[in-house]
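Data first, discussion second: the structure below is written as structure tokens.
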Amino acid sequence: MITYLEEARQFQLDTPHASYVAALADDGFLCHVYWGKRIAPQDMTALLRLQEPPFVPTENERERASFMDCAPFEYPVSGTGDYREAAFGMETASGVRVCALRYVSHRIFRGKHAPAGLPHTWGEGAETLAVTMQDKYSGLRVTLYYTVFEGLDAVIRSASCENAGTEPITLTRVLSASVDLDDDRFEMLTLYGSWARERQVQRRPLMHGKQRLDSLRGESSHQYSPFFALLRPQTTEESGQAFGFSLIYSGNFMLQAELTQFCQTRAQIGIQPEDFAWELPPGAVFDAPETALVYSETGLGGMSRTYHQLWMTHLIRSPWRDRDRPVLINNWEATYFDFDLEKLKAIADEAAALGIGLFVLDDGWFGHRDSDNCSLGDWTPDPRKLPGGLKPLTDHITAKGMKFGLWFEPEMISPDSDLFRAHPDYAIGTPGTDRTQSRAQYVLDYSREEVREAVWAQMKRILDSAPVSYIKWDMNRQLTEVPRRTLWHGYVLGVYALMERLVTEYPDILLESCSGGGARFDPGLLYYSPQIWASDDTDAKERLRIQYGASLFMPPSAIGAHVSVCPNHATGRNTPFETRAHVAMNGTFGYELDVRQLSDEEKAQIPAQIARYKEIAHLVRSGRLYRLGDPFAPSGFAAQSFADFDAWMYVSPDGREALFTFVQITAEPNMKSRRVTLAGLDPETAYRYTLCGKEYVHTGAYLMQCGVLIPNLWGDMKSVQILLKATGEKGEMRSAE
Ligand code: DGJ
């Protein structure tokens, strides 16, 4: 609900447990007043210190800079006395960089603004506050949008800039949100990593100065994620305040928390301002990406569950969002580039016999691609590997009752490709300088329509000629030698435009995006693809961390997760086949191996694993996630981080069903069984479950207060999975035996 208190000139956005309040100060400044536990609307403007010398903005011109450098602005600009990080910057054609954004008008309406060409939230139950401000010098108008959706503790913010003046303007910085919190008692949680080590979690006290993470790679990146949270020092997995910030964007970004001289915290997120520019001729409009601010007073867990629900109900559009995804087998780790029709058919035969539903042909099927040295841009089947094209393979696969999926890397071009020989200018580069190769390839200039068209025509030919029901859209390098500052964002808009075309023209295709593992694992891509390959590291132990970090802000059903062979190709580690499956079921489940090479014992487990996944897929998709363990312990911080284990639960929205998974990371000798308390269940409901071959019925209260005993399992990375179902009776503490 959004209220405007006329007299106080104060806006208030209320969600089930939170309030977000902004108010107008003299001179038309839009100031931040409050974000936290829900409170009844009332005049809060005393908190703005507007009567406190030297902060009176109009009466004390002499100390104007003191006011500017302290007032809590909703959308700060630089150059007029606020020396903290700005949210907005511009330059007019005649060189004026000073800008004074002042309130002009506001609107409160049902529905929401949709930023042009960008992924964005949508759907029923939205209410929006739009506050328009204008620069008194250039005439430029900035509208700040704040949307709330019924039932969710989230505020969606974005900014839209319109050149309502007469001179061309260059935008140099347009962040999506800036929040000035009148407080310094925060810790900052961020995600960092690298290829095959994505989404590691770090949490540190906020220090004076700027704590910033960003990407200048052209994608959101393996290294950092466009998400962070401010937490109270005492905040845990299930208790305490958490303030989340997540940007719906897949390109360069920056996020920052700045602890100021007055012990206030300026928290910001948006497009990376470094090397950013956007030309805005008179009359033109620029939309910044949306960002979702989430408030939780039930710790990190509450924050994550709100993000999951928000993205699932108001961001993902694919019809696959609510469908059971097919259990797939991908040939990448099975064959890499070394395959032919017969080999693929043989793998597919075994996979089909075991009940796998979708065969995905990964990299290496096109051009003359025997290694990663060539052929990107030439999307025609390699006749040496696939004589007669894809048809003999797809005929074989579909005859076995399986679906067929195909890998593309549409944004790339190899120097050794017909496309490059015909159009060397299609690759991004700065005239007069060398292009830097990465994985022996260049990036296509997707800001140019004819470049996208050249790729699309080829993709379309394939999609119209073969029964492709799944696409893996990969992107394996970052941008270099970017010739103009507008290209960074123009590139991302181009990628979104082509993805939009794909999902519009082929709405039933299940699209999985990917970027050398998880370098573009962000909510922006959820708008097009309901699942994203999370990492090229399929090692179950590493995946515990990667998937834990990913689950902080992304829904588990978006996390691409596969069972692969051991020793694992990324780490050389051996883990039990059963645990690999339990870990991969914490995401979109599949296999990435040559089934022919598995032992009989491993192969025999596959049909039961598939059956189990089908039984629980709806819980991973729509259940509420409760993280019970912390794979980052002992440096971790989750509720039960005293031991070297990880555990998590999904509870159905009606509380009638739950899936509990426990992984003993390191075995300890001479240890007793471990008591683990569950979470998220209905205390009154009795649940039936089987543990170590014995059936039990216990109430949710018992399971959450007293817990279950997990035996000391013999061996590292051993796991237990328990499915709990409501019996319909009130429970008692009894064994069914
Ligand atoms: C990177 C992806 O993450 C892998 O799964 C695989 O598709 C390779 N690219 C293929 O080149």
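Whatever order the structure lists them in is the order used to number ligands and atoms, beginning at 1.
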Candidate pair Lys541 and Asp539, rule salt bridge (Lys or Arg N to Asp or Glu O under 4.0 Å), full reasoning: CA-CA 6 Å; Lys541 185 175 180 201; Asp539 175 290; over 6 Å; no

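Numbered from 1 in the order shown, with element, the atoms of ligand 1 that lie under 4.0 Å from a heavy atom of Trp533 read 3 (O), 5 (O). Close approach of ligand 1 to Cys514 (heavy-atom distance below 4.0 Å) involves ligand atoms 2 (C), 3 (O). For ligand 1, the atoms closer than 4.0 angstrom to any heavy atom of Gly516 are 1 (C), 3 (O). For ligand 1, the atoms sitting less than 4.0 Å from at least one non-hydrogen atom of Lys472 are 4 (C), 5 (O), 6 (C), 7 (O), numbered in the order shown with element in parentheses.
Here the heavy atom of the protein found nearest to atom 6 (C) of ligand 1 is Asp362 OD1, 3.4 Å. In this structure, the protein non-hydrogen atom closest to atom 3 (O) of ligand 1 is Asp536 OD1, 2.4 Å. For atom 9 (N) of ligand 1, the nearest non-hydrogen atom of the protein is Asp474 OD2, 2.7 Å.
A cation-pi contact links Arg543 to Trp533, judged by a cut-off of 6.0 Å to the six-membered ring centre and 45° from its axis.
Geometrically, ligand 1 and Arg439 share a nitrogen or oxygen pair separated by less than 3.5 Å. Residue contacts with ligand 1: Trp332 is placed with no nitrogen or oxygen under 3.5 Å of a nitrogen or oxygen of the ligand (distance criterion only). Among the atoms of Glu592, none of the N or O lies under 3.5 angstrom from an N or O of ligand 1. In terms of polar-atom proximity, defined here as any N/O pair under 3.5 Å, Asp363 does make such a contact with ligand 1.
Contacts with ligand 1 closer than 4.0 Å are made by no heavy atom of Asp372, backbone or side chain. Under 4.0 angstrom from ligand 1, there are no non-hydrogen atoms of Met475.
The only option from Val495, Val451, Ile428, Leu498 that meets the side-chain contact (heavy atoms from CB on, under 4.5 Å) definition with Glu411 turns out to be Val495.
Formation of a donor-acceptor pair under 3.5 Å by the Arg317 side chain with backbone atoms of Tyr527 is found in this model. In this structure, the side chain of Arg477 does not engage the main chain of Val443 through any donor-acceptor pair within 3.5 Å.
Remark: the His368 side chain and the Asp416 side chain contain an N/O donor-acceptor pair separated by less than 3.5 Å.
Checked against the 6.0 Å centroid criterion, the rings of Tyr336 and His569 qualify as a close aromatic pair.
Here the closest heavy-atom approach between residue Arg621 and residue Met312 is recorded as O-CE, 3.3 Å. Across all non-hydrogen atoms, the minimal contact from Trp488 to Leu479 is CZ3-CB, 3.8 Å.
Distances from ligand 1 to the non-hydrogen atoms of His562 include no value under 4.0 Å.
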